[in-house]
Amino acid sequence: MESIALWQGLTLCGIVSWIFISSCLNVTQKLRNLVQPWVSHHVITGTPIILQIQKYQHGFLDALFSGLSCVVSVPFYTAFLPLLFWSGHGKLARQMTLLMAFCDYSGNCIKDVVSAPRPSCPPVKRMTATKDEEENALEYGLPSSHTLNTICLSGYLLHYVLSYTPNQDASLKFAGFSIFCLIVCLTGLGRIYLGMHSVIDIIAGLAIGFAILAFWLSVHDYVDSFIVSGQNVMTFWVVLSFLLLFAYPTPELPTPSFEFHAAFTGVAFGIVAGVQQTYHQFHHEAVPHIFTPQLTIPAFFGRVLVGLPTILVVKYCSKALAKWILPVVSNTLGIPIKSTSYIPKLNGSVTGKKSEKNKPTGYAMKLFFFSSQDTFDVDTGIRFLQYSGLAWSVVDLVPSLFSYLRL
């Protein structure tokens, strides 16, 4: 018990120390000044390579790479992961969820620290087939999140399949590794073909992705053991989620990256909270798995038909409750807040103090709620609670409905 409390305390104290040190020493700006010119140079000099690849533009390739970009995107995994939970593969689902949150946070932090541009359009033709791609184009370029996420999640899935497949032979390993390499290569090539990234972005995504995957494979068993049977799990995760919001670097210009991080940090928190409470009921290793007599295909489709509408309703209700509760709590505590999109009446205004120009502040200033020089965007809290509620419903509320309906 003492050792658990010790590493938890050291982890949280380390994050707090980093927040203050990075603020006092202006670490983000110094790193940006060091790296950004080099990356920007390679983005510019890499433009001819992109143009050369785009000379082979064809309708089939447009559809292939646009479709692949959707399959390896965050929204796809957000929809896919609940199905993993409901299929009985709870350990794989929670590990991929936490790994996705870790990749999203790490990749977006690096993007906003470096603040490197995407390929110039024109001359590069940028193809954004979906609204999600249009939002991705508003982020900075390095590293390629699609490449990074594909390496980590498909690599972990391959590891899981090979680890839990009995009597595996060399041909199975070769086939799995070949598919993994093909998906990664097509993803990286597709990001260049679509004009979304330069070669340097893809190389950085590959390097960071393999580094994160290697790290996760060395700690995933400890992380899972802590979540399902550890001490002080909820307290630790609440504080960790809160600190990560403040440890996030300030980009050169605003981007959607922080919004994506806040949402997936909420997803991770909701999953941890739900699994911690219901592990022995719904998520232990002996639960029925799909393709077995205990969980047939029709029963699984029944789960999907019940589960998907339920989590969408919970997401909507969580957002509505957060929009109502957070401003009231903030005003009660005297915390100055604003809203950029969710609450129109707060848009462009500040509650709790007189309006002032929105100006960037350091990490240390952001950590003090009652700072007279800062306001807090209530949309971050709303987004976090909204996705926390959605994730909690996936692993707690919906499995309870399955049990009640005998699905």
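What you see is a predicted model, and the numbers here were worked out from it, not measured in a lab. The figures here come from the full heavy-atom set of this structure, side chains too, leaving out hydrogens, waters and symmetry mates.
Side-chain atoms of Ile50 and Ile53, non-hydrogen and from C-beta on, never get closer than 4.5 Å to each other. In this structure, Val228 and Gln276 have side chains that are not in contact, with every pair of non-hydrogen atoms separated by 4.5 Å or more. Side-chain contact check for Phe65 versus Leu186: some heavy-atom pair is nearer than 4.5 Å. Considering only heavy atoms from C-beta on, Val184 comes within 4.5 Å of Leu206 through its side chain. Counting heavy atoms from C-beta outward, Leu182 and Cys185 have side chains that stay 4.5 Å or more apart. Ser318 is not listed as a side-chain neighbour of Ser388, based on a closest heavy-atom distance of 4.5 Å or more. Put simply, the side chain of Tyr140 does not reach to within 4.5 Å of the side chain of Pro117, judged on heavy atoms. With contacts defined as side-chain heavy-atom distances shorter than 4.5 Å, the pair Leu12/Leu240 qualifies.
Donor-acceptor pairing under 3.5 Å is lacking for the side chains of Trp392 and Gln277. Glu139 and Ser257 are linked by a side-chain donor-acceptor pair at a separation below 3.5 angstrom, with hydrogens and angles left out of the test. A donor-acceptor contact under 3.5 angstrom links the side chains of Tyr193 and Asp62, judged on distance only. Side chains of Asp112 and Thr255: a donor-acceptor N/O pair is present below 3.5 angstrom, by distance only.
Pairs of residues two or more places apart, or lying in two chains, that qualify as salt bridge (charged side-chain N to carboxylate O under 4.0 Å, His left out) and include a residue from residues 187-216 are Glu133-Arg191.
With hydrogens and angles ignored, the 3.5 Å screen pairs a side-chain donor or acceptor of Ser120 with a backbone N or O of Pro122. Here the side chain of His284 pairs no donor or acceptor atom with the backbone of Phe282 at under 3.5 angstrom. The backbone N or O of Ala263 lies less than 3.5 Å from no partner atom in the side chain of Arg383, so there is not a single donor-acceptor pair. Proximity of a side-chain donor or acceptor of Ser23 to a complementary backbone N or O of Phe20 within less than 3.5 Å is not detected. Remark: side-chain polar atoms of Arg126 are not paired, donor with acceptor, to backbone N or O of Cys121 under 3.5 angstrom. The closest donor-acceptor contact from the side chain of Thr47 to the backbone of Val43 lies under 3.5 Å. A side-chain donor-acceptor contact under 3.5 Å links His146 to the backbone of Ser69. Under a 3.5 Å cut-off, the side chain of His289 and the backbone N or O of Gly88 do form a donor-acceptor pair. Here the side chain of Thr235 pairs no donor or acceptor atom with the backbone of Asn232 at under 3.5 angstrom. Panel note: side chain Thr278, backbone Gln281; no donor-acceptor pair is recorded below 3.5 Å.
For the residue pair Leu98 and Ala268, the shortest heavy atom distance occurs at CD2-CB, 3.9 Å. Here the closest heavy-atom approach between residue His197 and residue Pro119 is recorded as C-CG, 3.5 Å. In this structure, Ala116 and Val39 approach most closely via the heavy-atom pair CB-CG1, 3.4 Å. The two residues Asp104 and Asn149 have their closest heavy-atom pair at N-OD1, 4.5 Å. Of all heavy-atom pairs between Gly381 and Leu326, the closest is C-CD1, 3.4 Å. Here the closest non-hydrogen pair linking Asn108 and Ser145 is OD1-OG, 4.0 Å.
When the salt bridge (charged side-chain N to carboxylate O under 4.0 Å, His left out) test is applied to Arg303, no partner is found at least two apart in sequence or on another chain. Every residue meeting the side-chain contact (heavy atoms from CB on, under 4.5 Å) condition with Thr45, not counting sequence neighbours, appears here in chain and number order: His41, His42.
Centroid-to-centroid, the aromatic rings of His220 and His159 come within less than 6.0 Å. Side-chain rings of Phe384 and Phe269 approach one another, their centers coming within less than 6.0 Å. Between Phe236 and Phe226, the ring centre distance stays below 6.0 Å. For Phe402 and Trp86, the ring centers are positioned less than 6.0 Å apart.
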Give the intermediate values and the outcome of side chain to side chain contact (heavy atoms under 4.5 Å, CB included) for residues Lys315 and Tyr387. CA-CA 7 Å; Lys315 179 183 176 182; Tyr387 283 91; 3.5 Å; yes
Pair Phe246-Phe242, ring pair (Phe, Tyr, Trp, His ring centres under 6.0 Å): steps then yes or no: CA-CA 7 Å; Phe246 289 97; Phe242 177 80; 4.8 Å; yes
Which is it for Gln57 and Met127 under the side chain to side chain contact (heavy atoms under 4.5 Å, CB included) test, yes or no, and what are the steps along the way? CA-CA 11 Å; Gln57 185 177 353; Met127 290 170 267; 3.9 Å; yes
Please evaluate residues Asp379 and Lys319 with respect to the criterion salt bridge (charged side-chain N to carboxylate O under 4.0 Å, His left out), reporting the C-alpha separation (whole Å), side-chain torsions for both, the decisive distance (0.1 Å), and the verdict. CA-CA 10 Å; Asp379 291 1; Lys319 181 179 180 179; over 6 Å; no
Carefully, step by step, assess Leu243 and Val239 under the rule side chain to side chain contact (heavy atoms under 4.5 Å, CB included). CA-CA 6 Å; Leu243 291 178; Val239 179; 3.9 Å; yes
Go through the steps to decide whether Leu99 and Ile212 satisfy the test side chain to side chain contact (heavy atoms under 4.5 Å, CB included), and finish with yes or no. CA-CA 9 Å; Leu99 177 56; Ile212 292 177; 4.1 Å; yes
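Under the 4.0 Å criterion applied to side-chain N and carboxylate O atoms, Lys91 and Asp221 are assigned as salt-bridge partners.
Between the CG atom in Leu64 and the NE2 atom in His58 there is a gap of 12.0 Å [rounded to 0.5 Å].
Results of the side-chain hydrogen bond (donor to acceptor under 3.5 Å, both in side chains) test with Asn33 over Gln36, Lys30, Gln29 single out Gln29 as the only residue that passes.
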